[in-house]
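Owing to the predicted nature of the structure, the values given are computational and were not obtained by experimental measurement. Convention: sequence-line order gives letters A, B, ...; per-chain numbering from 1.
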Amino acid sequence: MSMTIGFIGNPNCGKTTLFNAYTGANLKVANWPGVTVERTEGTITRNGEEIRLVDLPGTYSLTSYTMEEQVARNFIMSEEADVIIDVVDASVLERNLYLTLQLLELGKPVVVALNMMDIVKKRGAEIDMHRLPEMLGCPVIPISARKRTGLSILMHAAEHHKDAQVHDPLIHEHAYDSGHRHDHHAEFAMVYSDEIEDKIDVIMDALSEKYPDIENPRWHAIKLLEQDGEVCRNYPVDLPDVLDRSYESDIINQKYDFIQEIIDEVLVKSEKAEALTEKIDGLLTSRIWGVPCFLAIMAVVFILTFAFGDWIKGFMEVGIDSLSSGLSEGLEALGASPVIISLIVDGIVAGVGGILTFLPNIFILFLALALLEDSGYMSRVAYVMEGIMSRLGVSGRAFIPMILGFGCTVPAIMASRTLENVRDRQKIMLVTPFMSCSARLPIYILFSGMFFPDSPALIAFCLYVGGLLTAIIVLAVFHAVDKRRDPGRLLIELPDYKLPGARTVGIYVWEKVKDYLTKAGTTIFIASIILWALMSFGSGGYTSDMTESFAAVIGKALVPFFAPVGLGIWQIAVALIAGISAKEVVVSSCAVLFGIGNINSADGMSEMAGILASLGFGQLNALCLMVFCLLYIPCAATLATIRKEAGSTKWMFIAAGFQLAVAWAVTFIVYRIGLLIV
Amino acid sequence: MKLSQCVPGKTYRVKNIDLPEALAKRLEVLGMIENTPISVYNRKGRGILIVYVRGTRLALGVNITENITVEGGDN
């Protein structure tokens, strides 16, 4: 016989970490509220019995106000759930108990997993583990999800609590003496004022009469008093005198009053506990030092990503080069046809391999970001940047996806889902691609190296700043024209600082690396094959002469579009189209299109500069190309991510069209001004 | 007075919250309702605050804090 256990808890209570500790499933763990939006399951076997574990969305309450809350609530009420494990962050017991009280009202067997007891102890506080279960009427098991202690006893308690018809003894010693005709204090943890309890009694009678099959009429009565949308729709009762207004605030207030009673009785706070968090925050969120500290931290992250990452990347490039030549020789020895060799070596290995070389940068960037997130710093960034971002009409939180965009646009777009305001989310999805991602760097290195040999780093830096400025200007314009004027409002929980957990960080980084590898294996794999086919086939079939290929036909057709922005050369047009598969492809396609062997070497660069110069492509054109690459349609993986996150193909096309329009307009301006100066 | 005018190191009591329903609900379930004690930890700009409410540390933007009225101001 199998059983099903639902895991529920507030965002950031360690629920996902606990779930992972049992199932070993590689789930994302983050300090952002609302990560677990989809339903996640795992199965474990205990004493020969199969137990199904369901990870429910992190939520603060069980109203039907958000999708997450409805999902969690409906699952708990369903036949499917046998026991609910309520993960409670002991370090913020007050706020977490609010959800616990609501769960207990639902009537399913609940076991409380009291997490982060180590943090409570470190602060010198103590929780009365005898009194707490007495007051709640359910088992309370102290655990540490991070240190993986108490896991076995928690599962044991859940198994044995499954069939609990009668809950554990409820012993309340209320200061006041309730004169209510029913003394509910032995039955329910949460007992309301006499006024509310009277109403509950009347509504319960009406409900039981009208809906004889109703389960837990008390809970439904409470929800009717709160004017809960879903319950009011499904179980309407005609009691205008009793249900004369919403009693939601009264009910919340009384729950918090009871929580205060619990806290007073079970929590012994330490006087001397001057929390480390306050000290760190004194510096990191200080009015004066907040922004400089943030900039310094970001500088360290980028130095690590580029300097250290590029060092490892060098080895990857050597490896892929030797793989490429080895494959080529091996396939020739096997007598494979030139078409097949070309497909594998020029198409797949060149395309996919080119992307894989960026893996070290990606790995280091995400390791750094995971450390910042798990330590609790990331949410402070939202506070630090709020002053600037709120002037642009979005909340400080929106800055986090933009920062991630310097690394890779794909996870940056994904991070925008933590923004609660839909308008904020859409705006950020539109501007994040303007943040110059690491894949655009090879383009700057090549073209500034060729045309601005005296100051390549300055040009690259200007492009980074240019991307950021474009994003800010676009946000400002959106803010100015946005008629709806529903500004993003900053509301974010600042968790205690903690040492990042190796396992949590490991899982996070592995998820990102896996995503990146999957992208290389699917999107880029297919894009590489298509590009190769376009460049290798023409109207006359397979051809090694690029000028006769379909790519040339397409490129020549696009010249009129690119000419006004100084890019009217068909090879450049093809390279830019190819660059939509991945931005670094612009460089590799230029190499192929102009027939240059090693484009990154000094000889290769001067050879290509010569060819371009003969086509009338000079410094100004190179600058236009870099600006256009910075701003135009994001790569295929980004487009796919926008489609997934926005849940609409139309929105993806809007984003791509918008990006293209901005790129064309800005490059046009740069070109025209440049022509006047030159 | 408005929450946005409050100073760090002092504790106030929430009197009224005038915000869009979704946001008011979020604050409500965090326990921020009438008479809830709210301590200000940190402040910058025109009233961007880090506050402490019912065991939770929250960062709030000006467009939230200027719509919450409070009273008191004890140390």
Heavy-atom proximity to chain B below 4.5 Å, by part of A:Thr285:
both
A:Arg380/A:Glu386 salt bridge by N-O under 4.0 Å criterion
no
Is a salt bridge present between A:Glu248 and B:Lys25, judged by a nitrogen-to-oxygen distance below 4.0 Å?
yes
Counting only heavy atoms closer than 4.5 Å, note whether B:Leu19 contacts chain A via side chain, backbone, both or neither.
side chain
Less than 4.5 Å apart, any side-chain heavy atom of A:Arg287 and any of B:Arg43?
no
Are any of the side-chain nitrogens in A:Asp424 or A:Arg489 under 4.0 Å away from the carboxylate oxygens of its partner?
no
What I want to find out is whether A:Asp228 reaches A:Arg73 closely enough, with some N-O distance under 4.0 Å, to be called a salt bridge.
yes
If I measure from the heavy atoms of chain B, does A:Asn10 come under 4.5 Å with its side chain, its backbone, both, or neither?
neither
Assess, by modelled atom type and distance only, whether the side chains of A:Ser379 and A:Glu493 contain a donor and an acceptor separated by less than 3.5 Å.
no
Where does A:Tyr98 contact chain B at under 4.5 Å (heavy atoms): side chain, backbone, both or neither?
side chain
Which atoms of B:Ile33 are under 4.5 Å from chain A, going by heavy atoms: the side chain, the backbone, both sets, or neither?
side chain
Please classify the contact between B:Arg46 and chain A as side chain, backbone, both or neither, with a heavy-atom cut-off of under 4.5 Å.
neither
I'd like to know if B:Arg57 and A:Glu278 make a salt bridge, using a cut-off of under 4.0 Å between side-chain N and carboxylate O.
yes
Among B:Val53, B:Asn35, B:Leu49, which residue forms the greatest number of heavy-atom pairs with chain A at distances under 4.5 Å?
B:Leu49
Would you mind checking which part of B:Val62 comes under 4.5 Å of any heavy atom in chain A, side chain (CB onward), backbone (N, CA, C, O), both or neither?
backbone
Scored by heavy-atom pairs under 4.5 Å with chain A, the best of B:Leu27, B:Thr36, B:Ile64 is B:Ile64
